[in-house]
Each structure stands twice: as structure tokens, then as C-alpha cells.
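All remarks here apply to the structure that follows.
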Amino acid sequence: MQVRTRFAPSPTGFMHLGGVRTALYAYLYAKQNNGSFILRIEDTDQERFVEGATEVIYDTLRACGLNWDEGPDIGGPCGPYIQSERKSTYLPYAEQLVKSGHAYYCFCSKEEIEERRAAVEAAGGTWKYDKHCLHLSPEEIAAKKAAGIPWTIRMNAPTDGETSYSDVVFGDMTFKNAESMDDMVLIKQDGMPTYNFANVIDDHLMGITHVMRGMEYLSSTPRYNYLYTALGWEIPTYIHLPTVMRDATHKLSKRDGDAYYSDYIDKGFLTEALVNYLALVGWNPGTDREFFTLPELVEAFDIHRINNSPGIFDVNKLEWMNSQYIAKMDPEAYLAMATPWFDKVLAGKNVDYRRLAELMQSRTDIFSRIPEKIAFLAEMPDYDPAIFFNKKQKSDESVAKEVLPLLLPVLEEISDWTEQNIHDVVMEKIQQWERKTGSVLWPMRISISGQESTPGGAFEIAYLLGKSETLKRMQASLKKLA
RNA sequence: GGCCCCGUGGUCAAGAGGCCUAAGACAUCGCCCUUUCACGGCGGUAACUCGGGUUCGAAUCCCGACGGGGUCACCA
């Protein structure tokens, strides 16, 4: 059997990480079975249309490498792949269900339903559509339609019996029909199908064999099965995925700025790291291996190893993984990606970006943290002289007061301001002075950086700063000590 | 509230009745390397939600409690 999976997002304008993971898994499963991965846009809610939203979906999926074999922009044998463009395909199936008694026309207005619902709830009951229009005669239906009364088509849900199905990750599921099904609307007043209906029709028409979606659909699956069966169609294999959480009690949310793919890319996470990490929330290869490229994931992925308990998206670990990916980047690629971040604080400062990049690559976890780490290169921070003290390096303020005046003329002498020269000259002097390396280098670095930790040692920082700035800062620090 | 799902360290997780004195990774702590930091190396702290069963034996099976999540739309 040819495996066909799909990713069917609704165009809201953003790609939720949970969605990216669902798409990832659907893609991986299709690819490892030489099957097809289909993209379908579910935009049956016309009120929610967002300009440019489908482009966000395309861009995100492509950036992640999740290329689809059939979709709105590239077509395919089952098109169109945008539900609003398929509007006319749904009604005939709904009518077929009406004929077979699995559905019926409903002329109740929203207000009427609301009234009855309120009455039932006031009496302490639980509301469910009361099949008010179920027994309308063909003549009554025709008359109401002719009178222009808006209508919907509702599913005639069974009121007894149970429905069972087997889910790949959650196992055998059984629901009592009376409890889990209701006469949901199939065709809305505006003529559009509801999500539930369109989903079933399209999944069948597009030959989807494996349905991957969030576990929130676990309890509504019986309705889908009822529809499949009523239409005489084969029910697909279900693979419900555990929720991706922010913490134990919250999902990733828009409000906290941690839900969307773009939130992370904007912060300077690498797509490869994000995809790699995301694959591991809810699935693991059964070995200790954690690093995978997309093709490697295709190889290693196994739907039977998908977890059934919700997983917390640990940004901490993502940052670590991101730093690992950054460390392994091609230096040129790193320089290119880091440059805009360097520019944020160093634009026009004439700093050797290439050298800076070498120094920063192993110290970058996410790109957005670069500016704060190199801001001192742009401007000398106002620091507390107490940081001249370092027990292990045998340094303190008085040591600095001795060392800095010694260093100044030595540095002044250096005409060719290269890192190597600065290193050689200073190290030679340290030997002559018979001082401990740290007791000279610690004060030197502090005096020109104003902070205890810097991306690079005294020589690297001095080089990056340039001769005149280095000397200027050192003199200012000396003054500060006096 | 009804129904459904889930429950191994702070987090991701291995684990499918004896191999568990419970892996590994992130985080955290300490040590080493080192002109700081980072990288890297080594080591430490830290978990089977609780209560009943079943069994010679349970993290693994059953029941219950508790906790968390989901779902009950002409939204998807």
C-alpha cells in the first residue's frame, strides 16, 4: 500500500511549533515508506482568513525541509488543495448522507438553538442538539428552502451502541456513541463544510492512509469513523500525537511568545536545531543518539516509538542543542549569520569581524545574545575596580596599579598591532619582570574590557579594540585606580 | 460536571515481570584544563505520584485514589 500522509493547517498567520512537529512526523513517515506527503490548506472558516497566512505555512515548511509532494502551489492529482476552492465537492456527499439517513437538513436558527440550550441547561441538563429537524418531510424541506430559510445539514448521530478504533500511539479506544457523538453540522449556512466534514471528505478523496494529528482529536474520532462508514469508505490509520507543552500545566502559547516557529528563528535559533529538537519531544530512537539531520530522521523515525504522554518543550535543552549546531557550523556561514548581530552594537566601529566570529562561535548559544556579549567592545562599561581582584590569578587593585604603568609603554612600542605581536611582546616582558602570567594578563584584560568575563583573553581583546582604543582605555583605568 | 488521555529525577527520556543496586542527555553542583569566559574532560546531587491487589518476584499487570491535560461550536 502506498503511504500518503498530509499536513492540513488552517491559515492563521503563524506556524505553531506543535504544528511543525505534526508536519515533521507526517513527512518522516511518508518519506521512510517512499510515500507521499501532502499539504492541504483548511480554510473553511471564511471569517478567519488572514492575508499572507498560507505563505507563512509554505515558508516555514520549506525552511524546515519538509517539502510536500502535492499541494496548493505545486498541484497534484487530487487538487485543488485549498478547501475553499473545493467548496462544491462537499455538498453532494452531504446529500448522499441525507438520502441514506445518516444526515438531515436543519432549519433551526442559531437563536432558536441558543434558547433551547439555555432552557436545558437551566434545568440542569447537558445540551446536545435535539434532532428537532430530523423528521421533516421532503415537502416541508422543499417549502422551507423555497421560503429562503437558511439551512444546514447535520449528521444523524447514533444514540446507542459504541465505537471502537485502534490508535497507533494510544492503543484501543472505545467510546459510547451517546456520550461522544452529537448531530454536528456538516454543511454550514454559508454553504461551506465544517472542518470535521471537509476533513473526512478530503482525507478520503486525497487517498490519505495515515492521519497524524494532535491528541485533542482522540475523542472526536468516533464521529469521523461514523462518517467514513456511512459513506462506505475505508477508515485511515490514526496516529494521535501527544501535546507539546510549555510547562506541566500550560501549552505553548501565543501570549508567552514561545509558540511559533518564527519566535525562535527571530531569537536566533537554527532551523536544523529546532527541527532536530522538536523531533525528540514525543519520540526517541531508542538509542542514546540525539543529533539527526532530516534524512537521518527519515531513516530512524518509528511511529511505534512515539510517546503517549505530553512533553514539555525545554528551551534550555534547545539552547544547548542550538549551541552544538552553531559550534559545528562552517566558519564562513557563522560569520555571515553573526554579522547582522555584530552590527547591532559595532556598526561603523572597524572591528575585525572575522576574528570576532572565530572567538564567538564557540560562545554562541543563540544569536540574539551576541550583542550583549560584545557590547563592551563598542563602549567601555563603567565598572567596579573591585573586579581587579582575582585570587587565583594573584591580582587585585594594587597589582593593577603596578602592572598597568609597566604595560603601557610596552604596548606603545608595538607598531604592528597584531594579536601575535601583542602576545609575543607582552609574554616576553612578563618573563623579564618575573611575574605570574595571570597577575599581568588579568589586570590588562579588566582594564580594557571592564568586565570579568569576555569572549577571548587579554590579547584577543586588545587586538579587537585596536591600539589607540586599548591604550586609551588602559590609561582611563589607571586614572580610575588612582 | 460527563467522557477520554496521561503520570520514571527540575526537563526530555530508556525501561514491555526477574538483566534495575533504574541508562543516557539538558539543567545544576564540584574538580581538571586555561591569561577570564566559553569549549572540552572527569565526578556528584537528583526519579518509578499514592494505596490496595495479582505473582516466588512489579517501574513494568489489575483496581482505586490523587494530580495534570484534552474534549463537549454553524473554530479549526
Side-chain angles (χ1 to χ4, degrees), chain A residues 8-12 42-45 47-48 106 108-110 113 124 126-129 150-154 167 170-171 173-176 178-182 184-190 192-196 198-199 214-221 240 242-243 245 247-251 277 280-290 305 307-321 323-324 327 359-365 373 387 390 392-393 395 423 426-427 430 436-446 449 451-461:
Chain A
S10 61
T12 60
E42 308 219 328
D43 60 345
T44 54
D45 184 358
E47 289 174 20
R48 278 224 237 166
C106 173
C108 294
S109 69
K110 287 176 187 171
I113 290 174
T126 310
W127 166 260
K128 201 183 237 195
Y129 182 73
W151 51 269
T152 62
I153 291 180
R154 310 188 83 107
D167 181 88
F170 289 92
M173 307 287 300
T174 297
F175 294 85
K176 288 194 176 63
E179 286 167 352
S180 65
M181 287 204 238
D182 65 353
M184 64 176 180
V185 170
L186 266 24
I187 299 291
K188 302 188 268 192
Q189 281 186 357
D190 65 3
M192 275 292 195
T194 53
Y195 160 80
N196 296 292
N199 200 262
M215 62 164 283
E216 59 268 26
Y217 295 102
L218 228 31
S219 54
S220 50
T221 298
H240 285 100
T243 315
M245 308 285 287
D247 57 49
T249 56
H250 303 275
K251 300 216 273 187
Y277 177 68
L280 264 14
V281 180
W283 171 82
N284 77 82
T287 65
D288 287 343
R289 183 169 176 190
E290 302 194 284
R305 291 196 66 88
N307 270 108
N308 59 7
S309 51
I312 294 173
F313 187 86
D314 186 359
V315 181
N316 216 13
K317 182 144 187 178
L318 206 215
E319 285 178 5
W320 167 77
M321 186 165 269
S323 72
Q324 296 291 307
L359 258 14
M360 287 301 292
Q361 189 161 356
S362 70
R363 288 167 241 253
T364 307
D365 44 9
K373 288 183 176 164
I387 63 174
N390 183 300
K392 202 178 158 207
Q393 303 306 330
S395 167
H423 171 275
V426 173
M427 288 309 275
I430 290 175
K436 186 179 168 357
T437 309
S439 72
V440 176
L441 264 23
W442 178 275
M444 172 172 164
R445 195 175 52 82
I446 296 295
S449 70
Q451 51 193 47
E452 289 181 286
S453 68
T454 52
F459 305 130
E460 288 88 346
I461 303 303

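Just so it is clear: chains get the letters A, B, ... in the order the sequence lines come, proteins before strands, and each one is counted from 1. These numbers come from the heavy atoms of this one structure, side chains and all, not from hydrogens, waters or symmetry mates.
- The partner of B/rG1 is B/rC72, by the rule that a Watson-Crick or G-U pair needs both atom distances under 3.5 Å.
- Separation of the C1' atoms belonging to B/rA38 and B/rC75 is 48 Å when rounded to the nearest angstrom.
- Using a 4.0 Å heavy-atom distance criterion, A/Thr44 is classed as a sugar-phosphate-only contact.
- Using a 4.0 Å heavy-atom distance criterion, A/Phe313 is classed as making no nucleic acid contact.
- Rounded to whole Å, the separation between the P atoms of B/rU8 and B/rA14 comes to 10 Å.
- Base pairing of B/rU28: its partner is B/rG44, meeting the Watson-Crick or G-U wobble criterion (both donor-acceptor distances under 3.5 Å).
- Among the heavy atoms of the strands lying under 4.0 Å from A/Thr454 is at least one base atom, whether or not backbone atoms are also near.
- A/Asn307 comes within contact range of the sugar-phosphate backbone alone, with a heavy-atom separation under 4.0 Å but no base atom that close.
- The aromatic ring centroids of A/His240 and A/Phe170 lie 6.0 Å or more from each other.
- Where A/Ile312 and A/Trp320 each meet RNA chain B at their nearest nucleotide, the meeting point lying more 5' is that of A/Ile312.
- Counting any heavy atom pair closer than 4.0 Å across all strands shown, A/Ala248 reaches sugar-phosphate atoms only and no base atom.
- Between the side chain of A/Lys188 and the backbone N or O of A/Ile153, no donor-acceptor pair lies under 3.5 Å.
- As judged by a 4.0 angstrom heavy-atom cut-off over every strand, A/Lys392 is placed among the base-contacting residues.
- Between B/rA27 and B/rC61, the distance separating the two P atoms is 33 Å to the nearest Å.
- Nucleic acid contact for A/Arg289: none, since no nucleic acid atom lies under 4.0 Å from a heavy atom of the residue.
- When both distances must be under 3.5 Å, the Watson-Crick or G-U wobble mate of B/rC33 does not exist.
- Nucleotides of RNA chain B with any atom under 4.0 Å from a heavy atom of chain A span, from 5' to 3', B/rC3 to B/rA76.
- For the P atoms, the distance from B/rC48 to B/rU60 is 12 Å, rounded to whole Å.
- Taking the P atom of each, B/rA16 and B/rG53 are spaced 26 Å apart, rounded to whole Å.
- Base-pair partner of B/rA23: not found among the strands shown (Watson-Crick or G-U wobble, both distances under 3.5 Å).
- Nucleotides B/rC33 and B/rC42 are separated by 15 Å at their P atoms, to the nearest Å.
- Pair assignment for B/rA38: none, as no Watson-Crick or G-U wobble contacts are both less than 3.5 Å.
- Counting heavy atoms from C-beta on, the side chains of A/Val185 and A/Tyr129 never come closer than 4.5 Å.
- A salt bridge links A/Glu290 with A/Lys317: the distance from a Lys NZ or Arg NE/NH1/NH2 to an Asp or Glu carboxylate oxygen falls below 4.0 Å.
- Along RNA chain B, the nucleotide closest to A/Val281 and the one closest to A/Ser219 are compared, and the more 5′ of them pairs with A/Val281.
- Contact detail for A/Pro193 and A/Ala198: the closest heavy-atom pair is CG-CB, 3.7 Å.
- Contact annotation for A/Glu42: backbone-only contact, meaning every heavy-atom pair under 4.0 Å involves sugar-phosphate atoms and none involves a base.
- Among the protein residues, A/Met184 comes within range of no part of the nucleic acid, since none of its heavy atoms lies under 4.0 Å from any strand.
- When heavy atoms are screened at a 4.0 angstrom cut-off, A/Gly286 is found touching no nucleic acid atom at all.
- Rounded to the nearest Å, the gap between the P atom of B/rU28 and that of B/rC39 is 10 Å.
- Within 4.0 Å of A/Gln361, counting heavy atoms only, lies no atom of the nucleic acid at all.
- Nucleic acid contact for A/Phe175: sugar-phosphate only, since backbone atoms but no base atoms lie under 4.0 Å from a heavy atom of the residue.
- Within the nucleic acid shown, A/Thr126 has no heavy atom closer than 4.0 Å to any nucleic acid atom.
- Spacing between B/rG17 and B/rA58 at atom P, rounded to whole Å, works out to 14 Å.
- Crowding of A/Lys436 atom NZ: a count of heavy atoms from other residues, nucleotides or ligands under 6.0 Å exceeding 12.
- Closest approach of A/Glu42 and A/Asn199 over heavy atoms only: OE2-ND2, 3.2 Å.
- In this structure, B/rG18 and B/rC56 make a Watson-Crick or G-U wobble pair, each of the two defining distances being under 3.5 angstrom.
- Put simply, the side chain of A/Ser449 gets close to the backbone of A/Gln451: a donor and an acceptor are under 3.5 Å apart.
- In this structure, B/rG7 forms a base pair with B/rC66, meeting either the Watson-Crick or the G-U wobble geometry with both donor-acceptor distances under 3.5 Å.
- Residues meeting the salt bridge (Lys or Arg N to Asp or Glu O under 4.0 Å) test with A/Arg305, sequence neighbours left out: none.
- Residue-level contact check: A/Gln189 touches the bases, meaning some heavy atom is under 4.0 Å from a base atom.
- Counting heavy atoms from C-beta outward, A/Cys106 and A/Trp151 have side chains that stay 4.5 Å or more apart.
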